[in-house]
Structures are given as C-alpha cells and as structure tokens.
Amino acid sequence: MLRHFSLKNRKKDSKNRDTNNEESQDSELGLNAKLILCFLNPAIQKIGVWGMAGTGKTLNVTTALGTLNELKNKIFDFILFFTVKDGLRTLRNDLMRELGVIKVDSEDDDMKAAALLYRRLRGKKFLLVLDDLWETISLEELGVPETTEENGCKLLVITRNRKLCDRMGTQVDIRVPGFTEEDAWTYICEAAGDVVKQPSIEPIAKRVAKECDCMPLALKATMEAMAGRSDEVSWLRMLGDWMHFRPSRRIFEKLFLRLKLSYDHLESELLRKCFLACSFYAEKQEVNVIELIHWWIYEGYIDLTEEMALLEAYEKGAHLIADLRDASMIQVRDGGLIKFNDVMRDLALIIKSKEFIKKIDQKLLEAPDREAWEEAEMISLKENQITSLEQNPNCPNLTCLHLCSNHQLRKISPEFFEQMPELRFLDLSWTGIDSLPRSISHLVKLRLLDLDFCRSLRNITGVGALKQLITLDLSATPIEELPVEIGELTQLRRLHMFATVHLKRVASGILPRLCFLEILKMGGSSYAWQSEGLVGEASLQELLGLRRLDDLALVVRSVTDFEFFDQSTSLQSWKDDVTIECRILETSTTMKFEGKFNKWESEFEEEDMVAKILAAASSMVDKYEGFFDKA
C-alpha cells in the first residue's frame with residue numbers, strides 16, 4: 001500500500017546502509033578525511049568508492065593518496081594505482097611491469113605469472129587501487145595476496161556500481177555525491193578565470209553550471225570547449241547546446257560516450273528500459289517512488305499477475321530502483337523521491353531521440369504533425385495550449401501519451417486513437433473534454449486512463465472496452481452516475497473518484513465484478529453509501545464484498561450506516577493493514593481506521609475540505625475562461 005511502502009530494508013545488508021536516503025550517507029567528515037581514516041584503520045582491508053560517472057571519484061582518491069604520500073614508507077611498502085581496462089591478464093601484466101617482475105614467455109601460462117607476482121608481493125604491505133572497475137576480479141587469480149589485518153594490505157575499488165563493492169567484499173563504501181552548486185561555480189571560476197565575472201556573462205555561466213547538474217565531468221568538458229572564449233555569444237551558444245542536449249561538438253560526444261558506459265553495463269535489458277523511461281519525466285522533476293513503479297507496471301516492465309497484489313509489484317519495483325541506484329543511474333532522496341541527474345536524462349533522450357517526443361510547456365497551440373508521431377514510443381505534450389486534436393495519427397509503437405494540463409483542449413477527433421494498438425498509458429487529466437472519442441474502445445491494451453479534473457467530462461462511453469485497465473481516475477469530474485460498463489473492467493486495481501461532487505448514483509452489480517480492486521478512493525464524493533441502498537443502487541454490503549480492498553475512502557449517510565459498516569464481519573476479512581477513511585455525512589465527522597492498530601480515530605471537519613481543494617484548483621486555472629464553470 002502507498003502509505004506503508006518504502007525502499008528501506010529491501011535487502012539484507014551487512015553494512016547497514018540506509019537505502020531510502022542517499023544523502024544520509026554524507027556526514028560532515030570530508031571524503032578526503034574518510035579515506036585517510038580507512039587507510040589508517042587496521043580493521044579495514046577493503047574499501048569501495050562509488051558514484052555516478054563524472055562525480056570526481058578518481059580525483060578524491062588521488063587527493064587522499066597525495067595526503068598519504070609522505071607517510072607511505074611508514075604505512076605501505078607499495079601504493080599501486082591502476083585503471084582496469086582490458087581484463088585480468090592485462091591488469092596482471094601492468095602490475096608485473098610496475099613491480100619489475102620478469103614476464104613469463106607464454107601469455108597462456110596465467111598460473112605461472114600469478115605465482116611470480118604473488119612471490120613479489122608476499123610479505124609486503126601494499127595498497128592496491130583498482131579504478132574504473134566494471135566486473136569482479138579475483139585477487140588469487142590475479143596473483144595478489146588476500147588483504148588481511150595481519151598482513152596490513154588493503155584494496156580500494158573505484159566503481160560506478162555499488163553492487164560491485166559488495167561482490168569485491170568491501171567493508172566500507174563511500175559514495176561520492178558530486179559537486180554542490182557552490183563547488184560547481186568555484187570550479188568554473190577557476191577554469192575560466194575572470195571572464196565569467198563579467199556582468200553580461202556571469203548569469204549565463206551560472207545557468208550553464210545548473211544545466212550540467214553540477215557534474216564535474218560535464219563541467220570539465222564544458223570548460224574545455226569554452227577555453228579562450230570570452231564573448232557573450234559563445235556562452236549563450238553553449239547554454240543553448242545544454243538546454244536542448246545537442247551533443248554535436250566533439251567534446252560533448254566524448255562526454256556522452258563515457259556516460260553511456262554506465263547504461264551499457266546495466267545488468268539487464270529490463271533495467272535499461274526502466275532507466276530510459278525515467279528520462280521521460282520533466283527536467284528537475286523529483287518523482288515519487290510509487291508513481292515510478294506504477295508507470296513501470298503500466299508499461300509492462302513489472303508483470304502484475306492476477307494472483308499478485310499491488311504490494312508485491314511494489315516490492316519488485318523497489319528492487320529495480322535499488323539496482324538503478326546502485327548502478328549510479330538515479331538518486332533516491334529522503335521521503336522516497338527519485339531524482340534523475342539532468343545530464344544522464346540527456347543521455348537517455350539522445351539514445352531514444354526518435355522514439356521520445358517531449359514538448360512540455362512550450363505554448364504549443366497545435367499538436368506535432370502526423371508524421372512526427374509514427375516512430376514514437378512515448379509522447380508528452382503536457383502543459384501546452386492545444387485546443388483540438390483533429391489528426392488520425394498512425395502510432396504502431398506508442399505506449400505512453402501525456403496530454404494533461406492542456407486546459408483548453410475540448411475536441412478530440414473520433415478516430416484519434418484508432419491506430420494506437422500498443423498504448424498502455426493515457427493521461428487526459430486537466431483538459432476540457434466533455435466526452436471520450438469513440439476510438440477509445442480501440443485501446444485494448446490500455447492500463448491507465450487518467451481523467452482527473454476533466455471538469456466538463458460527463459460521458460465516458462466506451463471505457464468498458466478497456467479490459468486490461470489497472471487504474472481509472474475520475475476524480476473531480478462532473479459525472480452524475482457511475483456507468484454500468486465500469487463493471488467490464490475486471491482487471492481494475494485502482495479506482496479514484498475523489499471529489500466527484502455531482503455523483504448521485506452507483507448502480508447495483510458494478511462493484512462485485514471488480515474482484516481485483518485494491519484501492520477505492522471516493523473521499524469527498526456526493527454519493528453517500530448506505531447499509532441498504534435504494535432499489536437498483538449499490539449498498540455497503542456490496543462494498544464489503546470486495547475481498548482484496550486495502551485502501552478505501554468513502555462517505556456514509558448516517559451514524560447507523562457507519563455502525564453497520566464497522567460491525568460487519570466482512571470488514572474483518574480485509575487485510576490486517578487495511579486503511580479506511582470514512583466520512584459520516586450526518587455529523588460532518590471523518591473516521592479513520594488503521595488496520596495495523598485495529599482502531600478508529602475521529603476527526604471533526606470544521607470546513608468542507610473538498611470545496612476548499614476545488615476552489616484552490618480553480619484559482620490555478622482561472623485564466624482559462626470557462627474551464628471551471630459549474631455544470
């Protein structure tokens with residue numbers, strides 16, 4: 001369930017990492033000091049340094065080694081630093097060359113070479129640093145003695161993948177988070193000199209730093225490209241390249257090739273798909289973990305079987321998020337929010353340049369031409385000023401379509417959805433449509449239909465054909481009756497009808513057919529449930545028959561109806577952690593039940609919260625004349 005789900009404790013972890021909040025790993029102690037303490041601590045033999053590409057991992061380690069250098073004769077006999085390029089044999093040859101070990105004649109005699117190297121290092125105290133590590137390396141096969149507290153030897157691995165630290169047996173892992181905005185600006189000032197202090201260039205240069213998302217590697221590439229440039233036009237051109245991710249220059253191509261290594265080394269095609277989907281969110285947007293997992297479910301990346309509850313699917317999604325986080329592809333912030341590095345997002349959009357169309361908040365009055373839709377897999381036209389969609393686009397590969405917040409969109413061609421056979425995600429929320437086009441029935445693979453705050457929508461005929469629908473959101477729509485064809489949506493897991501203030505009737509027989517329904521949100525609805533409904537209308541008895549519900553918000557007419565609801569034995573068959581919010585219309589009281597505590601708590605409402613929310617929403621779009629006119 002949404003309220004209990006987090007990324008904590010997704011797996012057993014001997015290092016007691018907090019997987020929910022990466023920022024919590026960064027104490028006031030600097031990275032340089034952390035590394036030095038690890039070098040000096042005899043109980044620590046294996047250290048991991050990890051983080052996203054270009055965050056300065058190697059720089060931090062070399063800085064710490066420089067600090068340690070004057071003490072090396074007292075601590076280590078050898079400090080061996082190698083970038084791992086072509087596998088174990090090449091690494092062994094580099095080590096032998098560095099240590100003056102005679103190379104064996106046959107390259108195939110790995111065991112003899114390893115024995116010679118082992119003999120050279122045995123009895124010596126060494127620090128071995130393996131930079132840019134992508135796969136596990138056996139010290140025994142390499143010919144390096146195992147690091148122990150007794151021999152005083154240490155191994156430090158530098159990698160983009162946190163899991164690799166685990167596989168190498170590290171005892172302490174240190175994440176390198178990259179630059180702060182202050183660090184980024186200091187770097188630019190040092191690299192570019194006084195030119196960035198000029199009044200005409202300083203604001204542009206600061207914006208460039210933000211577009212680089214303070215990533216040291218991106219900043220370095222940018223400053224190399226800007227070497228010797230002191231004119232405002234050159235800085236504006238650089239800013240434009242970053243804002244529109246145009247990696248046409250040679251320096252940018254080199255940067256994105258380095259970043260793409262992280263993508264190429266993801267463990268599965270599934271993880272690559274999940275990462276690419278992340279890039280479709282708006283720039284700078286932080287996304288709730290649950291929202292991201294839902295999207296992956298709709299896209300089919302997480303297989304939601306009939307036997308599986310949503311919570312089980314969330315568990316699968318949590319493991320995917322942990323894998324992406326450990327591979328340094330995303331960051332997980334406090335409160336279960338996902339942050340996507342802007343430069344990594346640009347990388348994803350370059351990889352999917354033809355398949356992704358993102359035109360968010362660009363003041364568009366019309367949708368792109370029909371031809372632009374043909375190769376697209378995902379299209380977002382959010383927050384524009386499109387008034388109608390008259391096309392009949394051919395979109396054989398389209399799975400996701402965002403049209404939300406086109407407040408003036410009132411007309412969609414009847415044939416618009418006819419050639420979108422793979423569409424799974426359709427967001428029409430906050431638009432001005434009054435009905436669904438008849439071609440909606442062609443979307444037989446659709447899993448999400450979001451009609452939230454479609455304040456003119458009264459007719460949703462055709463929705464019954466969407467047999468694979470998992471989530472239907474009708475919140476804040478002016479529908480007066482729940483259509484009987486909703487009962488055809490037998491795979492539905494989530495039905496949201498919050499603030500349906502015009503809803504007068506729910507016909508009997510609809511809900512019992514929704515046997516997989518887990519979440520029903522009818523808080524603030526004008527439909528008040530009764531223990532015995534009117535003839536032909538749904539009653540509380542039908543609602544209580546939904547055995548898989550675990551998150552419910554509803555309105556009941558009277559205290560008597562609430563008592564019936566509370567005392568029903570059916571209530572006890574719901575999950576132990578069920579959450580219920582029940583407003584008693586007769587007393588303006590909201591009762592809340594948490595299954596894990598097995599008790600109700602009351603909350604008297606001094607004002608109509610639904611009216612307050614609707615009023616706030618109206619003020620957000622009051623510039624769109626008539627959009628929030630009452631029906």
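Each residue takes its place number in the sequence, starting with 1. Just so it is clear, the values below take in all heavy atoms, side chains as well, and ignore hydrogens, waters and symmetry mates.
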Engineer: Taking the side chain from Asn406 and the backbone from Leu381, do they hold a donor-acceptor pair closer than 3.5 Å?
Structural biologist: yes

Engineer: Would you say Leu546 and Leu517 make side-chain contact, with heavy atoms under 4.5 Å?
Structural biologist: yes

Engineer: Can we say Glu415 and Arg438 salt-bridge, meaning some charged N sits less than 4.0 Å from an Asp/Glu carboxylate O?
Structural biologist: yes

Engineer: Does Arg370 CZ have over 12 foreign heavy atoms under 6.0 Å away?
Structural biologist: yes

Engineer: Do you know the tightest heavy-atom contact between Ile510 and Gly487?
Structural biologist: CG2-N, 3.8 Å

Engineer: Are His402 and Cys400 close enough that some pair of their side-chain heavy atoms sits under 4.5 Å apart?
Structural biologist: yes

Engineer: Apply side chain to side chain donor-acceptor pair (under 3.5 Å) to residues Trp295 and Glu291 and explain how you reach the verdict.
Structural biologist: CA-CA 6 Å; Trp295 191 7; Glu291 180 184 342; over 6 Å; no

Engineer: Less than 4.0 angstrom from a charged side-chain N to a carboxylate O is my criterion; do Arg162 and Asp323 meet it?
Structural biologist: no

Engineer: Return the CG to CE distance between Leu259 and Met215, rounded to the nearest 0.5 Å.
Structural biologist: 5.5 Å

Engineer: So Arg424 and Thr399, side chain to side chain donor-acceptor pair (under 3.5 Å) or not? Walk me through it.
Structural biologist: CA-CA 5 Å; Arg424 290 168 169 82; Thr399 65; 5.8 Å; no

Engineer: Sub-3.5 Å donor-acceptor pair from the side chain of Asp369 to the main-chain atoms of Ala372, do we have one?
Structural biologist: no

Engineer: So, Asp264 and Arg272, do they make that salt bridge, N to O below 4.0 Å?
Structural biologist: no

Engineer: Stepwise, does the side-chain contact (heavy atoms from CB on, under 4.5 Å) test hold for Cys395 with Met420?
Structural biologist: CA-CA 5 Å; Cys395 308; Met420 300 182 185; 4.0 Å; yes

Engineer: Any donor and acceptor pair, going by atom type alone, linking the side chain of Gln391 with main-chain N or O of Pro368 inside 3.5 Å?
Structural biologist: yes

Engineer: Go through the structure and list residues passing ring-ring contact (aromatic ring centres under 6.0 Å, His included) with Tyr263, not counting sequence neighbours.
Structural biologist: none

Engineer: Indicate the atoms forming the closest heavy-atom contact of Ile188 with Ala209, along with that distance.
Structural biologist: CD1-CB, 3.6 Å

Engineer: Do Lys358 side-chain atoms and Ser279 backbone N/O form a donor-acceptor pair below 3.5 Å?
Structural biologist: yes

Engineer: Which heavy atom of Leu324 sits nearest to which heavy atom of Cys274, and what is that distance?
Structural biologist: CD1-CB, 4.1 Å

Engineer: Please report the closest heavy-atom contact between Leu219 and Ala184, naming both atoms and the distance.
Structural biologist: CD1-CB, 3.7 Å

Engineer: Would you say Glu181 has more than 12 foreign heavy atoms packed within less than 6.0 Å of its CD?
Structural biologist: no

Engineer: Taking all non-hydrogen atoms of both residues into account, name the closest pair between Tyr301 and Met378 and its distance.
Structural biologist: OH-CE, 4.1 Å

Engineer: Is any NZ, NE, NH1 or NH2 atom of the basic residue among Arg493 and Glu518 found under 4.0 Å from an Asp or Glu carboxylate oxygen of the other?
Structural biologist: yes

Engineer: Carefully, step by step, assess Ile486 and Ile460 under the rule side-chain contact (heavy atoms from CB on, under 4.5 Å).
Structural biologist: CA-CA 10 Å; Ile486 295 293; Ile460 58 172; 4.3 Å; yes

Engineer: In this structure, are over 12 heavy atoms from other groups packed under 6.0 Å from Glu135 atom CD?
Structural biologist: no

Engineer: Salt bridge check, Lys411 against Glu390: does any charged N sit closer than 4.0 Å to a carboxylate O?
Structural biologist: yes

Engineer: Taking side chain as C-beta onward, heavy atoms only, is Leu503 less than 4.5 Å from Met522?
Structural biologist: yes

Engineer: Considering all heavy atoms of both residues, which atom of Cys404 and which atom of Thr431 are nearest to each other, and what is their separation?
Structural biologist: CA-CG2, 4.5 Å

Engineer: Is Glu366 atom CD crowded by more than 12 heavy atoms from other residues, nucleotides or ligands, each under 6.0 Å away?
Structural biologist: no

Engineer: State whether Glu312 and Lys316 are salt-bridged, where the test is any N-O pair (Lys NZ or Arg NE/NH1/NH2 against Asp/Glu carboxylate O) under 4.0 Å.
Structural biologist: no

Engineer: Can a side-chain donor-acceptor contact be found between Asn459 and Thr461 if the only test is distance below 3.5 angstrom?
Structural biologist: yes

Engineer: How about Thr490 and Leu514: do any of their side-chain heavy atoms sit closer than 4.5 Å?
Structural biologist: no

Engineer: Can you give me every donor-acceptor pair (side chain of residues 466-479, partner residue at least two apart or in another chain, under 3.5 Å) with its distance?
Structural biologist:
from	atom 1	to	atom 2	distance (Å)
Lys467	NZ	Gly464	O	3.4
Lys467	NZ	Glu488	OE1	3.0
Thr471	OG1	Tyr298	OH	2.7
Thr471	OG1	Arg494	NH1	3.2
Asp473	OD1	Ser475	N	2.9
Asp473	OD1	Ser475	OG	2.8
Ser475	OG	Phe498	N	3.1
Thr477	OG1	Leu474	O	2.6

Engineer: Strictly distance-based, threshold 3.5 Å: is any side-chain N or O of Thr159 a donor or acceptor partner for the main-chain N or O of Leu133?
Structural biologist: yes

Engineer: Are Trp50 and Val176 close enough that some pair of their side-chain heavy atoms sits under 4.5 Å apart?
Structural biologist: no

Engineer: Backbone N or O of Leu271 within a donor-acceptor pair of the Ser268 side chain at under 3.5 Å?
Structural biologist: yes

Engineer: How far apart are the C-alpha atoms of Thr58 and Asp131, what are their side-chain angles, what is the distance that settles it, and do they pass the side chain to side chain donor-acceptor pair (under 3.5 Å) test?
Structural biologist: CA-CA 7 Å; Thr58 304; Asp131 190 15; 2.9 Å; yes

Engineer: Please round to the nearest 0.5 Å and tell me the distance separating atom OG of Ser262 and atom CZ of Arg160.
Structural biologist: 3.5 Å

Engineer: Measuring from atom CH2 of Trp430 to atom CD of Glu383, what distance do you get when rounded to the nearest 0.5 angstrom?
Structural biologist: 11.0 Å

Engineer: Relative to the ring of Phe416, is the ring of Trp373 parallel (under 30°), tilted (30 to 60°) or perpendicular (over 60°)?
Structural biologist: perpendicular

Engineer: So do Leu448 and Leu426 actually touch side chain to side chain, heavy atoms under 4.5 Å?
Structural biologist: no

Engineer: Between Arg345 and Asp342, is there a salt bridge with N-O shorter than 4.0 Å?
Structural biologist: yes

Engineer: Begin with the C-alpha distance, continue with both residues' side-chain angles, and end with the deciding distance and a verdict on side-chain contact (heavy atoms from CB on, under 4.5 Å) for Arg447 and Phe425.
Structural biologist: CA-CA 6 Å; Arg447 295 184 174 185; Phe425 185 110; over 6 Å; no

Engineer: Just how far is it from atom CZ of Phe356 to atom CD1 of Ile350, taken to the nearest 0.5 Å?
Structural biologist: 13.0 Å

Engineer: Do Ile338 and Val289 pass the side-chain contact (heavy atoms from CB on, under 4.5 Å) test, and can you show the C-alpha distance, the side-chain angles, and the key distance before you say yes or no?
Structural biologist: CA-CA 6 Å; Ile338 306 293; Val289 164; 3.7 Å; yes

Engineer: Please check if the distance between the ring centroids of Trp296 and Phe275 is under 6.0 Å.
Structural biologist: no

Engineer: Distance check, rounded to the nearest 0.5 Å: Ile330 atom CD1 versus Arg333 atom CZ?
Structural biologist: 11.5 Å

Engineer: Can you confirm whether Lys352 sits close enough to Glu355 that some side-chain heavy atom of one is under 4.5 Å from a side-chain heavy atom of the other?
Structural biologist: yes

Engineer: Using only atom types and a distance under 3.5 Å, with no angle test, would you say the side chain of Asn384 pairs donor to acceptor with the backbone of Lys363?
Structural biologist: yes

Engineer: Measuring from Asp361:CG to Lys359:NZ, what's the distance to the nearest 0.5 Å?
Structural biologist: 13.0 Å

Engineer: Ignoring hydrogens and angles, tell me if any N or O in the side chain of Thr222 forms a donor-acceptor pair with the backbone of Ala218 under 3.5 Å.
Structural biologist: yes

Engineer: Got more than 12 heavy atoms from elsewhere within 6.0 Å of NZ, Lys273?
Structural biologist: no

Engineer: Is Val157 close to Val49 at the side-chain level, that is, under 4.5 Å between some pair of heavy atoms?
Structural biologist: no

